Amino acid sequence: VQLQASGGGLVQAGGSLRLSCAASGGTFSSWAMGWFRQAPGKEREFVAAIKWSNGRTYYADSVKGRFTISRDNAKNTVYLQMNTLKPEDTAVYYCAAKYTGDHYYSSRYYKSTDSYDYWGQGTQVTVSS
């Protein structure tokens with residue numbers, strides 16, 4: 001499984017960006033995909049996740065109402081639409097994947113970095129004030 005993240009860049013506060021994560025090397029209908037971010041000197045933190053099979057989504061409180069995660073089945077791609085960006089959103093953003101099959105997992109599971117088996121290379125997002 002390979003994940004290719006793209007779409008990062010420099011944007012002013014209040015602006016928008018859309019990140020993409022193209023997945024290959026598998027059939028992803030029974031997978032969960034997540035976005036995490038890591039700012040300099042900080043631990044990697046959860047941003048958003050989506051279950052590919054039913055589209056159920058999970059968000060960190062800090063981005064709820066501003067970010068939207070979605071998927072395109074035909075393109076095997078997950079998107080993170082980021083609106084009303086703030087300087088504190090500045091970080092390297094990583095996409096991640098986890099095979100879930102038919103298992104039930106709590107929302108807490110999808111928000112943990114330890115739950116994911118595959119990671120993309122990261123894309124830098126910088127928000128200027």
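Since the model is a prediction, treat every value here as computed from it, not as a measurement.
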**Report entry** Least distance between heavy atoms, T123 atom then G7 atom
**Finding:** OG1-N, 4.1 Å
Report summary line: Value for CD (E45) from CH2 (W35), rounded to nearest 0.5 Å, stands at 14.5 Å
Query raised in the report: Which pair of non-hydrogen atoms, one from L19 and one from Y93, has the smallest distance, and what is that distance?
Result: CD1-CB, 3.6 Å
**Report entry** Which atom of G120 lies closest to which atom of Y94, heavy atoms considered
**Finding:** O-CD2, 3.6 Å
Query raised in the report: Do any pairs count as a side-chain hydrogen bond (donor to acceptor under 3.5 Å, both in side chains) and have a residue in residues 64-73, sequence neighbours left out, and if so which ones?
Result: W52-N73, D61-K64, R66-D89
Query raised in the report: Are V11 and M82 connected, step by step, through hydrophobic side chains (Ile, Leu, Val, Met, Phe, Trp, Tyr) whose heavy atoms are closer than 4.5 Å?
Result: yes
Query raised in the report: Between Y110 and Y105, what is the ring plane arrangement, given parallel below 30°, perpendicular above 60°, and tilted in between?
Result: perpendicular
Report summary line: A39 and A91 have their tightest heavy-atom pair at N-CB, 3.8 Å
Query - Least distance between heavy atoms, Y59 atom then T57 atom - result: CE1-OG1, 3.5 Å
Report task. Give a yes or no on whether E88 atom CD has more than 12 heavy-atom contacts from other residues, nucleotides or ligands under 6.0 Å away. Result -> yes
Query raised in the report: Can you name the ring pair (Phe, Tyr, Trp, His ring centres under 6.0 Å) partners of Y116, sequence neighbours left out?
Result: F36
Requested in this report: Using the rule that two of Ile, Leu, Val, Met, Phe, Trp, Tyr join whenever any of their side-chain heavy atoms come within less than 4.5 Å, decide whether I69 and Y79 are in one cluster.
Outcome: no
Report task. With side-chain contact (heavy atoms from CB on, under 4.5 Å) as the test, would you mind laying out the steps for S62 and R37 before giving the verdict? Result -> CA-CA 12 Å; S62 59; R37 66 188 182 187; 3.6 Å; yes
Report task. Flag yes if V63 and V78 sit in one hydrophobic cluster, no otherwise; membership is Ile, Leu, Val, Met, Phe, Trp, Tyr, and two members link when side-chain heavy atoms are under 4.5 Å apart. Result -> yes
Query raised in the report: CG of D114 to NZ of K98: how many Å apart, nearest 0.5 Å?
Result: 11.0 Å
Report task. Nearest 0.5 Å please: distance from the CG atom of L80 over to the CG atom of L17. Result -> 9.5 Å
Query raised in the report: Between T100 and S30, is there a donor-acceptor pair closer than 3.5 Å when you use the side chain of the first and the backbone of the second?
Result: yes
Requested in this report: Take Q121 and L3 through the test side-chain contact (heavy atoms from CB on, under 4.5 Å) and record every step on the way to the result.
Outcome: CA-CA 8 Å; Q121 84 288 6; L3 304 175; over 6 Å; no
Report task. Over all heavy atoms of both residues, which pair between M33 and A23 is shortest? Give the atoms and the distance, please. Result -> CE-CB, 4.2 Å
Query raised in the report: Is there a chain of hydrophobic side chains (I, L, V, M, F, W, Y, each step under 4.5 Å between heavy atoms) that links Y118 to Y99?
Result: yes
Report task. For the pair T90 (side chain) and V127 (backbone), establish whether a donor and an acceptor sit closer than 3.5 Å, ignoring hydrogens and angles. Result -> yes
**Report entry** Side chain proximity check, Y58 to I50, heavy atoms < 4.5 angstrom
**Finding:** no
**Report entry** Side-chain donor or acceptor of T77 paired with backbone N/O of K75 under 3.5 Å
**Finding:** yes
Query raised in the report: So which of S20, S6, C21 actually passes side-chain contact (heavy atoms from CB on, under 4.5 Å) with C95?
Result: C21
Report summary line: dist S29:OG -> N76:CG (nearest 0.5 Å) comes out at 9.0 Å
Query raised in the report: From H103 NE2 over to Y109 OH, what is the distance, rounded to the nearest 0.5 angstrom?
Result: 9.0 Å
Query raised in the report: What distance separates F28 CZ from S53 OG, expressed to the nearest 0.5 Å?
Result: 14.0 Å
